[in-house]
Amino acid sequence: MANRLGTQLFVSRLSFYTNTQELKKWFSPYGVVKEARIIRDSKTLRPKGYAFIRFESEVEAQKAMKAMNGRIVNGKLIFVEVAKTETPAEDAKTTRTIEDSPSGK
DNA sequence: GTTGAGCGTT
C-alpha cells in the first residue's frame with residue numbers, strides 16, 4: 001500500500017438549501033460521483049450542514065477537492081476535505097489509482 | 001430562505 005487517500009470527500013459548511021442532487025451536480029464534472037450523502041439529525045431530520053461525497057477513484061476525489069474547496073455554492077462558502085473516517089476498502093479494484101499507477105513497468 | 005463547527009444517514 002502506498003497512499004491511503006480515500007475515495008470519500010467531506011464537505012462542510014454547506015448551505016441548508018443544497019441537496020445531494022446538487023452536490024453530485026457540482027462534483028460530477030470533476031469525477032464520477034458514486035454516492036452523495038448529506039448528514040442529517042436522527043431526531044429532528046434537519047440537515048447538519050455537511051455531507052460526504054464518494055468517488056470511484058482517489059485521483060478524482062482529490063481533483064474535486066482542490067477544485068471545490070473554498071468555492072461558493074448556493075451563496076455559501078463550502079470546505080472540501082478528504083474524509084477521515086471513511087469506509088474500508090470494500091473493493092480493492094476500485095481503490096487502485098495512484099499507488100497502482102503505471103510508473104514504468 | 002432554518003443554527004454554522006464538525007467526520008456519517010437513509
Side-chain angles (χ1 to χ4, degrees):
Chain A
M1 336 64 167
N3 292 337
R4 206 100 304 214
L5 300 173
T7 58
Q8 250 189 161
L9 258 48
F10 174 68
V11 185
S12 56
R13 292 310 276 289
L14 266 174
S15 57
F16 299 114
Y17 319 111
T18 308
N19 298 295
T20 55
Q21 291 295 342
E22 293 213 68
L23 287 176
K24 287 191 292 186
K25 184 183 77 172
W26 278 97
F27 285 82
S28 288
Y30 305 103
V32 180
V33 180
K34 291 187 62 176
E35 184 65 85
R37 169 164 45 259
I38 291 186
I39 308 306
R40 304 193 209 198
D41 189 81
S42 306
K43 302 177 288 293
T44 61
L45 296 179
R46 284 193 217 150
K48 291 184 177 178
Y50 64 95
F52 289 94
I53 309 295
R54 177 182 274 191
F55 283 85
E56 64 171 358
S57 57
E58 300 175 356
V59 288
E60 296 180 337
Q62 291 171 53
K63 181 170 61 179
M65 175 181 60
K66 296 180 213 170
M68 293 296 300
N69 188 18
R71 223 57 182 283
I72 305 296
V73 176
N74 287 7
K76 266 52 175 188
L77 190 90
I78 67 172
F79 293 95
V80 184
E81 188 181 353
V82 180
K84 287 190 282 190
T85 54
E86 58 173 318
T87 58
E90 301 175 353
D91 296 274
K93 304 182 299 302
T94 55
T95 50
R96 51 147 166 178
T97 36
I98 302 176
E99 56 182 82
D100 201 13
S101 293
S103 307
K105 59 183 76 63

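Reminder, nothing fancy here: chain letters follow the sequence lines and each chain counts from 1.
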Practice item. For residues A:Thr20 and A:Arg37, determine if any side-chain heavy atom of one lies less than 4.5 Å from a side-chain heavy atom of the other. Key: no
Exercise for review: Would you name the heavy atoms of A:Glu56 and A:Lys34 that are closest together and state the gap between them?
Suggested key: CA-CD, 3.4 Å
**Study point:** For DNA chain B, the residues among residues 63-71 of chain A that have a non-hydrogen atom under 4.0 Å from it
**Key:** none
Review point. Near DNA chain B, under 4.0 Å by heavy atom, which residues of residues 72-80 of chain A?
Key: none
Practice item. For A:Ile38 and B:dG8, give me the distance from atom CD1 to atom P, rounded to whole Å. Key: 16 Å
Review point. What is the distance from CD1 of A:Ile53 to P of B:dG6, rounded to the nearest Å?
Key: 20 Å
Review point. Rounding to a whole Å, what distance do you find between A:Lys48:NZ and B:dG4:P?
Key: 17 Å
Check your understanding: Has the side chain of A:Gln8 got a donor or acceptor that lies under 3.5 Å from a partner of the other kind on the base of B:dG8?
Key -> yes
**Study point:** Nearest-0.5 Å distance, CG of residue A:Leu9 to CD of residue A:Gln62
**Key:** 8.5 Å
Point to revise | Spacing of A:Lys34 atom NZ relative to B:dT9 atom P, expressed in whole Å | key: 20 Å
Check your understanding: A:Lys84 NZ to B:dA5 C1': how many Å, rounded?
Key -> 11 Å
Revision key, fill the gap. So ring-ring contact (aromatic ring centres under 6.0 Å, His included) across residues 32-59 of chain A, not counting sequence neighbours, yields A:Phe10-A:Tyr50, A:Phe10-A:Phe52
Just distance, no hydrogens or angles: give the donor-acceptor pairs under 3.5 Å from side chains in residues 65-80 of chain A, sequence neighbours left out.
{"residue": "A:Asn69", "atom": "OD1", "partner": "A:Val80", "partner atom": "N", "Å": "3.1"}
{"residue": "A:Arg71", "atom": "NH1", "partner": "A:Ala67", "partner atom": "O", "Å": "2.6"}
{"residue": "A:Asn74", "atom": "ND2", "partner": "A:Ser15", "partner atom": "OG", "Å": "3.4"}
{"residue": "A:Asn74", "atom": "ND2", "partner": "A:Thr18", "partner atom": "OG1", "Å": "2.9"}

Sequence neighbours left out, cut at 3.5 Å: what donor-acceptor pairs do the side chains of residues 23-32 of chain A make with other protein atoms?
{"residue": "A:Ser28", "atom": "OG", "partner": "A:Lys24", "partner atom": "O", "Å": "2.3"}

Point to revise | Residue A:Glu81, side-chain atoms from C-beta onward, closest of B:dT9, B:dT2, B:dC7 | key: B:dC7
Check your understanding: Has the side chain of A:Arg37 got a donor or acceptor atom sitting under 3.5 Å from an opposite partner on the base of B:dT9?
Key -> yes
Check your understanding: Could you state the CZ-P distance from A:Arg40 to B:dT10, rounded to the nearest angstrom?
Key -> 7 Å
Study note, to complete from the structure: Rounded to whole Å, the OH-P distance (A:Tyr50 to B:dT3) equals 18 Å
Review point. Taking DNA chain B as the partner, which of residues 10-21 of chain A come within under 4.0 angstrom of it by heavy atom?
Key: A:Phe10, A:Ser12, A:Arg13, A:Leu14, A:Ser15, A:Phe16, A:Tyr17
Review point. Between A:Val82 and A:Ile53, is there a shared hydrophobic cluster once you connect ILVMFWY residues whose side-chain heavy atoms come closer than 4.5 Å?
Key: yes
Exercise for review: Grab the CG-C1' distance between A:Asp41 and B:dG6 for me, whole Å please.
Suggested key: 14 Å
Study note, to complete from the structure: dist A:Lys48:NZ -> A:Arg46:CZ (nearest 0.5 Å) comes out at 12.5 Å
Point to revise | A:Ala51 versus A:Leu14, closest heavy-atom pair with distance | key: CB-CD1, 3.8 Å
